[in-house]
Amino acid sequence: MRTQVAIIGSGPSGLLLGQILSGAGIANVVVDRTRRDHILARVRAGVLEQGTVRVLDQAGLGARLHNEGLIHDGFSLAFDERDHRIDLAGLTGGKHVTVYGQTEITRDLLDARETDGMLSLYDVEDVVPHDFDGERPYVTLIHDGKPLRIDCDFIAGCDGFHGASRRAVPPSAMTCYERIYPFGWLGLLAEVPPVSHELIYANHARGFALCSMRSLSRSRYYVQVPAGEKVEAWSDQRFWDELRARLPRHHAEKVTTGPSFEKSIAPLRSFVAEPMRFGRLFLVGDAAHIVPPTGAKGLNLAVGDVHYLSEGLCEHYREGSEAGLEAYSARALSRVWKAVRFSWWMTTLLHRFPEAGAFETKIQLAELDYLTHSRAAASMLAENYVGLSY
Ligand code: FAS
Ligand code: PHB
């Protein structure tokens, strides 16, 4: 088989890249080791930056997003039995974020790809990118029990943190930076109205909690749990009790509980692989970087990478220019590191670290006090949360 761009991974990075390339008349094939239903069963990101919405709009995927997405122009920081609203719009000249689940974006992308009749191969095995340091890269894999080779001009490694693409790069050619946090997020999804019309990020002596949503009838909640915690140890009742224990009383009393239909634990880490380009192989999204979800940046960074890479590929095929491809890694990493910093900062601000003492807790509370009483400090938070420009 031959195509112009072989895309490994059918998550948001791979599907959005495929959608933009198809729209530009650039042939591409998407391969994934799982199936559509598995991909849609993953509950992940919930908050979209305006830049992300713009890229999705330009790719023709804005209809349901604008119809069902919730515009949020603020969120609350809760600590010391109080909560303080961060006025995103007022602090950023009118910018906001949109609450629309990653699952819905993935569904829109999968539907669009099927409608356009673009080729995706699922349930594949043993995907290996080859000869990407030469002029004729190719990908080998097993599909329906038979070996398959995809010859291509470029390979996009959109296969997430545990994928095959980054593993195919010689370790000597790459530098990795990592911070693993001593806790994870236990997330719950329930068909109950959210406790507030905006998100609440809570710093509490018992640990971090986050009140989010997917719609006005579907809530998404998280509580910080120790690293290595097992989801089986958490009944719904235990979750609801712990969530309410970490919120200011006036919110805790208003939490509507109900049966969970998704409950899972995500480990938290910061990770960056540099560079993000190796000849004709480009790493995109979680394949190249991971952030703790505290700053709601993971999915938004993936979209930024896709924006830069698709620009470069379109320039290559349309104008014969290599400028965009040459600039991809540096452009993407500049934005990635600022989001890695912000996500690390929000995580250290809001979570209780097992090794922290009374001094560290006083520093956290002093920073929260400063953030909620200084326009300059709150502006930094707001500017990063709504998303830095591309
Ligand atoms: P993805 O991991 O989404 O997709 C990679 C795809 O590649 C998958 O479909 C996988 O099956 C496939 N693949 C992997 N290895 C392969 C191989 N060898 N061969 C073929 N295919 C292969 N971000 C936020 O902003 N907010 C959040 O709350 C949040 N919560 C998260 C919770 C969890 C548990 C995880 C893991 C991530 C979370 N994220 C969150 C980040 C998440 O949203 C990612 O940023 C986003 O999924 C990135 O998309 P992709 O780069 O497409 O990677
Ligand atoms: C979510 O709704 O899943 C969500 C929202 C904000 C975050 C992280 C996750 O910072």
Side-chain angles (χ1 to χ4, degrees), residues 6-18 30-36 38-49 52 70 72 75 97-103 105-106 109-110 120-129 139-143 156-168 184-189 194 198-201 208 210-215 218-222 231 262 264-269 271 283-306 336 339 342-343 346-347 350 385 387:
I7 299 173
I8 306 175
S10 177
S13 295
L15 289 170
L16 180 56
L17 179 62
V30 169
V31 301
D32 200 298
R33 66 180 172 190
T34 55
R35 295 195 314 272
R36 175 191 170 105
H38 280 194
I39 293 167
L40 288 174
R42 293 183 195 127
V43 181
R44 292 199 177 154
V47 171
L48 307 182
E49 299 171 357
T52 294
L70 303 172
H72 281 209
F75 66 84
V97 292
T98 302
V99 171
Y100 185 69
Q102 174 174 323
T103 306
I105 295 175
T106 308
L109 284 162
L110 285 167
S120 298
L121 302 177
Y122 291 105
D123 264 344
V124 302
E125 296 167 87
D126 302 339
V127 175
V128 180
V139 175
T140 56
L141 55 99
I142 305 289
H143 182 241
C158 303
D159 46 352
F161 183 68
H162 299 289
S165 302
R166 197 178 67 248
R167 279 206 309 270
W185 278 18
L186 167 60
L188 176 144
L189 204 53
E198 293 181 329
L199 272 59
I200 303 170
Y201 290 81
F208 168 79
L210 170 59
C211 303
S212 183
M213 63 195 78
R214 290 293 177 270
S215 69
R218 178 170 293 190
S219 297
R220 177 68 168 168
Y221 290 112
Y222 297 94
V231 68
E262 196 277 343
S264 55
I265 294 178
L268 266 60
R269 77 173 76 231
F271 174 86
L283 299 183
V284 185
D286 277 19
H289 42 73
I290 295 284
V291 287
T294 325
K297 290 300 161 207
L299 173 60
N300 292 296
L301 277 180
V303 172
D305 295 350
V306 169
V336 162
F342 174 68
S343 305
M346 265 193 97
T347 302
L350 293 167
Y385 193 86

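Nothing fancy with the numbering, it's 1 onward along the sequence. Counting convention: from 1, in listed order, for ligands and their atoms alike.
Taking every heavy atom of A164 and a limit of under 4.0 angstrom, the matching atoms of ligand 1 come to 18 (N). The ligand atoms of ligand 1 that sit less than 4.0 angstrom from a heavy atom of G298 are 23 (N), 24 (C), 25 (O), 45 (O). Interface of T294 with ligand 2, defined as ligand atoms under 4.0 Å from a residue heavy atom, comprises 10 (O). For ligand 1, the atoms lying closer than 4.0 Å to a non-hydrogen atom of A296 are 25 (O). For ligand 1, the atoms sitting less than 4.0 Å from at least one non-hydrogen atom of T34 are 11 (O), numbered in the order shown with element in parentheses. For ligand 2 and G46, the ligand atoms under 4.0 Å from any heavy atom of the residue are 1 (C), 2 (O), 3 (O). Counting atoms of ligand 2 from 1 in the listed order, those under 4.0 Å from a heavy atom of V47 are 5 (C), 6 (C). Within the listing of ligand 1, atoms 15 (N) sit less than 4.0 angstrom from a heavy atom of G163. Here is the list of ligand 2 atoms found below 4.0 Å of a heavy atom in L199: 5 (C), 6 (C). Residue L299 approaches ligand 1 through these ligand atoms, each under 4.0 Å from one of its heavy atoms: 23 (N), 25 (O), 45 (O). Applying the 4.0 Å criterion to heavy atoms of A296 picks out, from ligand 2, the atoms 6 (C), 7 (C), 10 (O).
Ring planes of Y201 and Y385: perpendicular class, angle over 60° (limits at 30 and 60°).
Rounded to the nearest 0.5 angstrom, D286 CG and F271 CZ are separated by 10.5 Å. Distance check: D32 CG to H38 NE2 gives 11.0 Å after rounding to the nearest 0.5 Å. Residue L17 holds its CG atom at 11.0 Å from CG of L109, rounded to the nearest 0.5 Å. Interatomic distance, NE2 of H289 versus CZ of R269, reported as 14.5 Å (0.5 Å rounding). Within the model, atoms OG1 of T140 and CG of D126 stand 8.0 Å from one another, a figure rounded to the nearest 0.5 Å. In this structure, CG in L110 is found 11.0 Å from OG1 in T103, a value given to the nearest 0.5 Å.
Closest to atom 6 (C) of ligand 2 among all protein heavy atoms lies Y201 OH, 3.3 Å. When hydrogens are left out, the protein atom nearest atom 14 (C) of ligand 1 is D159 O, 3.1 Å; that is the closest non-hydrogen contact. Among protein heavy atoms, atom 43 (O) of ligand 1 sits closest to Q102 OE1, 2.4 Å. Protein heavy atom nearest atom 19 (N) of ligand 1, with residue, atom name and distance: V127 CG2, 3.6 Å. Given atom 2 (O) of ligand 1, the protein heavy atom at minimum distance is R44 NH1, 3.2 Å. Nearest protein heavy-atom neighbour of atom 51 (O) of ligand 1: S13 OG, 2.7 Å. Protein heavy atom in closest approach to atom 3 (O) of ligand 2: Y222 OH, 2.6 Å. For atom 24 (C) of ligand 1, the nearest non-hydrogen atom of the protein is A45 CB, 3.2 Å. Closest to atom 28 (O) of ligand 1, if we only count protein heavy atoms, is P293 CB, 3.6 Å. Annotation: atom 6 (C) of ligand 1 to nearest protein heavy atom, D32 OD2, 3.7 Å. P293 O, 3.2 Å is the protein heavy atom nearest to atom 8 (C) of ligand 2.
Among G187, S212, P194, the residue whose heavy atom lies nearest to atom 2 (O) of ligand 2 is S212. Distances from atom 5 (C) of ligand 1 to the heavy atoms of C158, G9, S10 put C158 nearest.
Looking at T34 and Y122, their side chains never bring a donor and an acceptor atom within 3.5 Å of each other. Donor-acceptor pairing under 3.5 Å is lacking for the side chains of D123 and H143.
For ligand 1, the polar-atom distance check finds no N/O of W185 at less than 3.5 Å from any of the ligand's N/O atoms. In terms of polar-atom proximity, defined here as any N/O pair under 3.5 Å, D286 does make such a contact with ligand 1. Close N/O approach between G285 and ligand 1 is not found [any backbone or side-chain N/O within under 3.5 Å]. Inclusion of P12 in the set of residues having an N or O under 3.5 Å from an N or O of ligand 1 is warranted.
At least one heavy atom of R214 lies less than 4.0 angstrom from ligand 2. Note on ligand 2: V99 sits outside its first shell, no heavy atom being nearer than 4.0 Å. Using a 4.0 angstrom heavy-atom cutoff, F75 does not count as in contact with ligand 2. Within the 4.0 Å heavy-atom cutoff, R42 counts among the residues contacting ligand 1. Close to ligand 2: R44, with a non-hydrogen atom less than 4.0 angstrom away.
In terms of heavy-atom proximity, R214 sits nearest to R44 at NH2-O, 2.9 Å. Nearest heavy atoms, V47 versus N300: O-ND2, 3.0 Å. Closest approach of E262 and R220 over heavy atoms only: OE1-NH1, 2.9 Å. Contact record, A302 with V284: O-CG1, 4.3 Å, taken as the closest heavy-atom pair. Here the closest non-hydrogen pair linking C158 and I7 is SG-CG2, 3.9 Å. S165 and L283 make their closest contact through CB-CD2, 3.7 Å (heavy atoms, listed as atom of the first residue, atom of the second, distance).
Contacts between S264 and ligand 1, counted as non-hydrogen atom pairs separated by less than 4.0 Å, are absent for every part of the residue. Proximity of Y222 to ligand 1, defined as any heavy-atom pair under 4.0 Å, is confined to the side chain (atoms from C-beta onward). Contacts between Y221 and ligand 2, counted as non-hydrogen atom pairs separated by less than 4.0 Å, are absent for every part of the residue. Counting heavy atoms closer than 4.0 Å to ligand 2, residue V43 contributes nothing at all.
Here the side chain of R166 pairs a donor or acceptor atom with the backbone of F161 at under 3.5 angstrom. One N or O on the side chain of D159 and one on the backbone of A164 form a donor-acceptor pair closer than 3.5 Å. The backbone N or O of Q102 lies less than 3.5 Å from a partner atom in the side chain of T106, making a donor-acceptor pair. In terms of modelled atom types and a separation under 3.5 Å, the side chain of R42 and the main chain of G11 share no donor-acceptor contact.
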Test Y222 against S212 for side chain to side chain donor-acceptor pair (under 3.5 Å), laying out the working first. CA-CA 8 Å; Y222 297 94; S212 183; over 6 Å; no
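Two residues are said to be in side-chain contact when any heavy atoms from C-beta on lie closer than 4.5 Å; F75 and I200 fail this criterion.
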